[in-house]
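Only this structure's heavy atoms are used, side chains among them; waters, hydrogens and symmetry mates stay out. The residues of the chain are indexed from 1 along the displayed sequence.
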Amino acid sequence: MFGSVIVQDGKVLAEGANRVVAENDPTWHGEMEAIRKACKAQGSFKLRDATFYTSAEPCPMCMAAACWAGIKTIYYASTNEDALRYGDFDDSMIYGELKKPVSERSIPTRQIMRAEAVEIWKKYHDKADRVPY
């Protein structure tokens, strides 16, 4: 049901299909596969000026990946409401969770070892050869 194509400068960079059930991998959405393949083909984690065509409105995970990849434009066919009505795909819980403060989310989430993590971030910040993100 879920497929995607990424195009840049009129050329198809990659295609992706949903394989969640086949691979027992909840992240194997068609959009995620297309982004992974396109980035690998480009030799970059950024797909600047790329256009994304997908069969359905991207879920939160896929939309985040598209943003991180620098996708310029997304075209989608069916809506989240269509996926819910005709396929029982319901992402409303995820959207609701993301709006809540961390302390109120259904999966217990607690911060630990911040001081140690910040020290690592400081070293990363000062690293002369770090790749701009």
Side-chain angles (χ1 to χ4, degrees):
M1 278 305 305
F2 302 104
S4 298
V5 176
I6 297 177
V7 176
Q8 189 175 54
D9 300 324
K11 177 185 169 194
V12 173
L13 293 181
E15 299 175 358
N18 184 296
R19 297 199 39 86
V20 169
V21 174
E23 300 294 335
N24 295 313
D25 181 345
T27 69
W28 206 316
H29 292 195
E31 296 92 341
M32 297 296 285
E33 182 178 44
I35 290 169
R36 288 176 185 138
K37 286 180 176 179
C39 287
K40 188 169 189 172
Q42 292 289 82
S44 174
F45 59 90
K46 290 292 185 185
L47 300 171
R48 299 193 195 292
D49 298 324
T51 302
F52 208 174
Y53 297 90
T54 185
S55 61
E57 186 176 355
C59 73
M61 174 182 68
C62 294
M63 183 55 108
C67 290
W68 286 327
I71 298 289
K72 181 179 178 182
T73 306
I74 298 173
Y75 294 97
Y76 64 92
S78 63
T79 66
N80 287 331
E81 291 77 18
D82 297 328
L84 174 59
R85 181 174 180 184
Y86 301 109
D88 297 322
F89 289 92
D90 187 3
D91 293 335
S92 62
M93 183 275 296
I94 299 169
Y95 289 107
E97 286 293 297
L98 292 173
K99 291 178 183 177
K100 294 179 184 176
V102 173
S103 63
E104 294 177 18
R105 294 182 183 164
S106 63
I107 298 175
T109 307
R110 307 288 181 261
Q111 185 178 36
I112 62 170
M113 300 177 66
R114 180 169 184 245
E116 293 85 350
V118 169
E119 287 306 312
I120 294 168
W121 276 114
K122 288 177 182 177
K123 289 177 183 176
Y124 175 77
H125 179 266
D126 295 337
K127 191 174 185 232
D129 63 342
R130 75 178 164 128
V131 177
Y133 201 75

**Candidate pair T27 and R36, rule side chain to side chain contact (heavy atoms under 4.5 Å, CB included), full reasoning** = CA-CA 11 Å; T27 69; R36 288 176 185 138; 3.5 Å; yes

Taking distance alone, no hydrogens or angles, what donor-acceptor pairs closer than 3.5 Å link side-chain atoms of residues 10-22 to residues at least two apart or in another chain?
| unit_1 | atom_1 | unit_2 | atom_2 | d |
| --- | --- | --- | --- | --- |
| N18 | OD1 | V20 | N | 3.0 |
| R19 | NE | E23 | OE2 | 3.3 |
| R19 | NH2 | E23 | OE2 | 2.6 |

**Asked** Any Lys/Arg nitrogen of K100 or E97 sitting under 4.0 Å from an Asp/Glu carboxylate oxygen of the other?
**Response**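 The answer is yes: the pair qualifies as a salt bridge.
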
**Prompt:** If you measure from the Lys or Arg side-chain nitrogens to the Asp or Glu carboxylate oxygens, is any gap between E33 and K37 under 4.0 Å?
**Reply:**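 Here E33 pairs with K37 in a salt bridge, since their nearest N and O are under 4.0 Å apart.
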
**Request:** Looking only at non-hydrogen atoms, find the nearest pair between I71 and T73 and report the distance.
**Result:**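 Shortest heavy-atom separation between I71 and T73 comes out as CG2-O, 3.4 Å.
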
**Asked** Looking only at heavy atoms, what is the nearest atom pair of M32 and A65, with distance?
**Response**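 Looking at all heavy atoms of both residues, the closest pair is SD-CB, 3.5 Å.
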
Any side-chain heavy atom of [X] sitting closer than 4.5 Å to one from [Y]?
| X | Y | value |
| --- | --- | --- |
| L47 | F52 | no |
| K72 | Q8 | no |
| L98 | P60 | yes |

**Message:** For Y75 and Y53, take the angle between the two ring planes, folded into 0 to 90°, and tell me which bin it lands in: parallel under 30, tilted 30 to 60, perpendicular over 60.
**Reply:**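 Y75 vs Y53 ring planes: parallel.
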
**By side chain to side chain donor-acceptor pair (under 3.5 Å) - contacts of K123 (at least two apart)** =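 Side chain to side chain donor-acceptor pair (under 3.5 Å) check on K123 returns nothing, list empty.
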
**Request:** Run through E57, E31, M63 and flag the one making a side-chain contact (heavy atoms from CB on, under 4.5 Å) with I74.
**Result:**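 For I74, the side-chain contact (heavy atoms from CB on, under 4.5 Å) check succeeds only for M63.
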
